[in-house]
Protein chains: 2
Amino acid sequence: MNGEFIPVSQTIANRISDMIFLDKKYMPGSKLPNEYDLSSELGVSRASLREAIKILAAKGVLVIKRGSGTFVCESLDENDDIYGMKYLEDKKKLVKHWFEFRLILEPKSARLAAENADEKQIEEICFMSERIIELIKNGKPFTKEDQQFHALIAKATKNDVIKLTMPSIESAVSDAIQTSSKTGHSEKSNENALLYHPSIARFIKYRDGDGAEMAMRFHILRGLKDLE
Amino acid sequence: MNGEFIPVSQTIANRISDMIFLDKKYMPGSKLPNEYDLSSELGVSRASLREAIKILAAKGVLVIKRGSGTFVCESLDENDDIYGMKYLEDKKKLVKHWFEFRLILEPKSARLAAENADEKQIEEICFMSERIIELIKNGKPFTKEDQQFHALIAKATKNDVIKLTMPSIESAVSDAIQTSSKTGHSEKSNENALLYHPSIARFIKYRDGDGAEMAMRFHILRGLKDLE
DNA sequence: ATTTATAATTTGTCATACAACTTTTAATTG
DNA sequence: CAATTAAAAGTTGTATGACAAATTATAAAT
């Protein structure tokens, strides 16, 4: 029943991340204590600590040098990985940046989708649009479906980079999105979806690149405006 | 001396990735053998296998369910992570998609940089532009510096999402870029950099958003054209 | 047939030992 | 004294074994 189980390895990975990004106990390039010391300091076995370190190394936060030590990635402020986004101070600003980013990318994606989508994908996009409308009418949450709607459009561009990038960044800012969405602007969000989703879907269906780009642009502009 | 040492955990992580993305031995949602069987099948200890699994779980490829098993992430084709980009068949197509993506994002980034960069960042951008020119004149490689040039512009937008996204995606497609750059179009690449980098830097320096956007657009269009 | 209890399966964690590599220190040598 | 070489100390890599904790499958009881 417990879906909230978190392994020690993950807990330790989070604690080390906090020490780096929040406490700034270990700066980029600096060396962590060796595995024996750090594991005893954190009160876990060396095996569990090693798994935690592997997690952070996979995310580009740590760099492991055999025989030498484990270090905080030097280019961590430059920055090599979107992992640190979770630790950015100003969540509100991050959400705004997220919308600005989408304002650049998604209108063009909508155009590409209108030009390149196959019939099946168009069907899926239209279906998801209608499903979201149903959910809103019944007063149910539609966050997940909204993301899927935009993901389907990204997929329909037939551009692998766009397709694979969008969800990745979305998950990186999901914390901030969740935080800011608690400050409740659900009615506005409803209106925005009801107003623009069908238009976007229709423009894509009728292969109108200009229309799709414009509709998506207004859709995201509206979302950006509703942040305040 | 050996900088090419690869831990077993990483080797095994790669082999499992290959089994998933190349051999399609394990499809999304399907279950991996238990850790005892899989470790003996792969000829490594359970501890090393576990570290490999943690790496892939961190990248969103695997999902671990305690007491139940380890599974290939269901939404792996949808897709949750850009990790799978390395395994896309057509490297040439991926590089083209990468340029198309940049063609959308970077001209706007250049505009934002022109509008928002502080003096220090402008100085860095101009410096990097001149440094690349020096390298080209001396016949030296400048791939790394070229990436830094674009990364500096991304950073100067003052948009955290743009700043953190660019390098992340770049590293994901680095394999394909490296492969395709071996087919040699270095002279064209030289010309392109020599022609446009200084213009872009100058437009940003003089706060000309329109100019910066246009110059960057032509710069990437030229790169896209040179792919063929 | 349904519920309950048991067993089997599987991941989680810890402890220990040794191997392999890197860095530091000390000794040797010219 | 300086430079080279050898030893030692420090650190990550790997393997093995044992038990805990959660889930799933099986069997028993009602």
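These figures come from a predicted structure and were not determined experimentally. By convention in this document, chain letters (A, B, ...) are assigned in the order of the sequence lines, proteins followed by strands, and residues within each chain are numbered from 1.
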Taking atom [atom2] of [N] as reference, at what distance in whole Å does atom [atom1] of [X] sit?
{"X": "Gln10(B)", "N": "dT12(D)", "atom1": "CD", "atom2": "P", "result": "17 Å"}
{"X": "Glu51(B)", "N": "dG13(D)", "atom1": "CD", "atom2": "C1'", "result": "8 Å"}
{"X": "Leu32(A)", "N": "dT11(D)", "atom1": "CG", "atom2": "P", "result": "12 Å"}
{"X": "Ile53(A)", "N": "dT11(D)", "atom1": "CD1", "atom2": "P", "result": "13 Å"}
{"X": "Leu49(A)", "N": "dT12(D)", "atom1": "CG", "atom2": "P", "result": "9 Å"}
{"X": "Asn34(A)", "N": "dG10(D)", "atom1": "CG", "atom2": "P", "result": "10 Å"}
{"X": "Phe5(A)", "N": "dT13(C)", "atom1": "CZ", "atom2": "C1'", "result": "9 Å"}
{"X": "Glu35(B)", "N": "dG12(C)", "atom1": "CD", "atom2": "C1'", "result": "8 Å"}

Salt-bridge test for [X] and [Y]: reply yes if a basic N is under 4.0 Å from a carboxylate O, no otherwise.
{"X": "Asp118(B)", "Y": "Lys158(B)", "result": "yes"}
{"X": "Glu41(A)", "Y": "Lys25(A)", "result": "yes"}
{"X": "Glu51(A)", "Y": "Arg46(B)", "result": "no"}

When the nearest nucleotide of DNA chain C is assigned to Ser48(A) and to Asp37(B) on a heavy-atom basis, which residue is associated with the more 5' position? Asp37(B)
First encountered from the 5' end of DNA chain C, between Tyr36(A) and Val8(A): Val8(A)
Return the 5'-most residue of the pair Gly67(A), Arg50(A) with respect to DNA chain D, ranking by each residue's nearest nucleotide. Gly67(A)
Given dC14(C), dG13(D), dA18(D), which nucleotide is nearest the side-chain atoms of Ala47(A)? dC14(C)
Closest of dC14(C), dT14(D), dG12(C) to the Arg66(B) side chain is dG12(C)
When you measure only distances, ignoring hydrogens and angles, does the side chain of Arg46(B) come within 3.5 Å of the base of dG12(C) through a donor and an acceptor? yes
Parallel, tilted or perpendicular: ring planes of Phe101(A) versus Phe101(B), cut at 30 and 60 degrees: tilted
Could you tell me whether the phosphate oxygens of dT10(C), OP1 or OP2, come under 4.0 Å of any side-chain nitrogen or oxygen in Lys31(B)? yes
Side-chain N or O of Ser68(B) less than 4.0 angstrom from OP1 or OP2 on dT23(D)? no
Between Asp146(B) and His197(B): side-chain donor-acceptor atoms closer than 3.5 Å: yes
